[in-house]
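First the proteins, then the strands, lettered A, B, ... as listed; each starts at 1. Just so it is clear, the model here is predicted, and its values are computed rather than measured.
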2 protein chains.
Amino acid sequence: MTERSEQGVLESAGGSRAGNRALSVTDHIREAILGGMVGAGERLNEVRLSRTLAVSRTPVRAALQALAGEGLLDYAPNRGFSVREFPLDAIVDAYDIRASLEGLAARFAAERGLSPDEKAVVERSLADGDKLLERGAFEAGDRTIYRGINGDFHDTLLAAARNRMLSEMIRMCHHVPVSSSRNIVAFNHRDVRRRHDDHHRIYDAIMAREPWRAEMLMREHVSGVKASLVKSLTEGRDQEPFE
Amino acid sequence: MTERSEQGVLESAGGSRAGNRALSVTDHIREAILGGMVGAGERLNEVRLSRTLAVSRTPVRAALQALAGEGLLDYAPNRGFSVREFPLDAIVDAYDIRASLEGLAARFAAERGLSPDEKAVVERSLADGDKLLERGAFEAGDRTIYRGINGDFHDTLLAAARNRMLSEMIRMCHHVPVSSSRNIVAFNHRDVRRRHDDHHRIYDAIMAREPWRAEMLMREHVSGVKASLVKSLTEGRDQEPFE
DNA sequence: ACTTTAAAAAGTGTATTCACTTGTTGGCAG
DNA sequence: CTGCCAACAAGTGAATACACTTTTTAAAGT
């Protein structure tokens, strides 16, 4: 069973990272997992992967090790690697963790201040969002566009926090399969409007150098996403919040 | 330069984990790093390590990749692994991260409740601490003993939070070299007394099922350790808080 | 003496092989 | 028919050989 066979899904691995197969293989498998192509709990067979990706087992093993380090895979001695399972509880919890951590990042950003570049990017994301939202309704690719804007905002604040460990932990939260932004599609205009207002307030707090307020606002902001997720889940619809 | 040569420090690797060299090698190298035997920024040579530990390069590579996943090593293509550097800022920040995360853990524990076993362990740690502290002054091995008591308290609450990702992140915080509890020795009786009182209050909040209060108290508790660290650093003494 | 450059040394990246463990299948006994 | 056990198949663990990259070294030219 689970004869889904990565064939065709993980083909060729000719990724961008020239000169180091292990890295491109890592990217490849990560995408496959986050894209939901390999299914939770599924065991990853080294020889099959190496055949599929046309490399030896060595870089495959390296990739699996790396992905286990990212929290995407589980390892059991003499039994290899399998896709980590994320119960619904864990997915919901991940938003709380992210709320705490991103709140902390906002605090650090407020304490440390933004570089001119960072300031520019954030202000641009705010302006672009305002412009996109002023129409009052979404058109075709608008959600995808706003996802980029949203990503810029959060990524830049995270960079401004200037703490590597914090970045990595937040990245881990983003790599929880279901909460992964790539799977997220639907969201109504009013909610996005509200989230974007949050962004404005958070930025104000940071520029006013009010760390505590920035932290609280960011925590609340991310918690709001969790609430939306839970709501959409309990309502039985499988639409998901996108941030 | 840096001819410190792991020889003698990392010898033999005859670790407990029979049957899987990679795992025992991982433990060995981790201990060496956390014990400060290898120095920040230092590059880890695969062939030398494999000779020293009397295994082939394969399990060494596996171990290094695993440790990179734990955040202890950096990796650069064609240049291998090196011990990650932790600037003082990052070390201090790690306490803030830990404060946020352990606060969250306390909240989860209050929401989810403790199992009878967990309850027993925590209560025991509180009682043991009370007993140890009632004398009003520390004797020879008392700090070491209290470190165990303290560890039981925190570990158990973390287990009660029932979230794997959270556990792993907090473990990462503990693995920041300098903050690693194994390096920590001195701390005065009054501070420990105070920390232990914190434990009592945190436990009360959890048993009273007051998640918000538990979270706040725990955050404050861990932040207190950071404050002590910063104080001891600015005072120029190199004694460190132990929790 | 200093810079440049090329060769060699050192070190990492990958493939392949063998060893060992685990899981499965088929037969045998109860 | 069920449960147990052995042989086998499949898969992971480790060692080794070789390819490629980086760093060092040393020599030659300026």
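A donor-acceptor pair is defined here as one N or O able to donate and one able to accept, closer than 3.5 Å; no such pair exists between the side chain of Ser100(A) and the backbone of Ile97(A). No donor-acceptor pair under 3.5 Å is formed between the side chain of Arg57(B) and the backbone N or O of Leu49(B).
Here Tyr75(A) lies in heavy-atom contact (under 4.0 Å) with sugar-phosphate atoms only. Using a 4.0 Å heavy-atom cutoff across all strands shown, Ala22(A) reaches sugar-phosphate atoms only and no base atom.
In this structure, the CG atom of Leu23(A) is 15 Å from the P atom of dT12(C), given to the nearest Å. Rounded to whole Å, atom P of dA14(D) lies 14 Å from atom CG of Leu64(B). Distance Asn20(B) CG to dA19(C) P: 19 Å, rounded to the nearest Å. For the pair Arg48(B) CZ and dT12(C) C1', the interatomic distance rounds to 14 Å; values are reported in whole Å. Rounded to whole Å, atom P of dT12(C) lies 11 Å from atom CZ of Arg51(B). Put simply, CZ on Phe81(B) is 7 Å from P on dG13(C), counting in whole angstrom units. As rounded to whole Å, 6 Å separates atom P of dG13(D) from atom CG of Asn78(A). Across the protein-nucleic acid pair, Arg21(B) atom CZ and dT12(D) atom P stand 19 Å apart, rounded to whole Å.
Side-chain atoms of Arg57(B) and base atoms of dG13(C) include a donor and an acceptor less than 3.5 Å apart.
For Arg43(A), taking side-chain heavy atoms from C-beta onward, the closest of the listed nucleotides dG11(D), dT12(C), dT14(C) is dG11(D). You'll find that the side chain of Arg79(B) is closest to dT23(D), out of dT12(D), dT23(D), dT12(C). Closest approach to the Pro59(A) side chain among dA14(D), dA15(C), dG11(D) is made by dA15(C) (side chain taken as heavy atoms from C-beta onward). Taking only side-chain atoms of Ser56(B), from C-beta outward, the nucleotide of dG11(C), dT16(D), dG11(D) with the closest atom is dT16(D).
Between His174(A) and His154(A), the gap from one ring centroid to the other reaches at least 6.0 Å.
Shown are Asn150(B), Leu157(B), Asp155(B), Ile149(B); of these, the side chain to side chain contact (heavy atoms under 4.5 Å, CB included) with Ser125(B) is made only by Ile149(B).
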The test is salt bridge (charged side-chain N to carboxylate O under 4.0 Å, His left out); show your working for Arg162(B) and Glu118(B) and say whether it passes. CA-CA 12 Å; Arg162(B) 305 194 202 297; Glu118(B) 287 160 351; 2.9 Å; yes

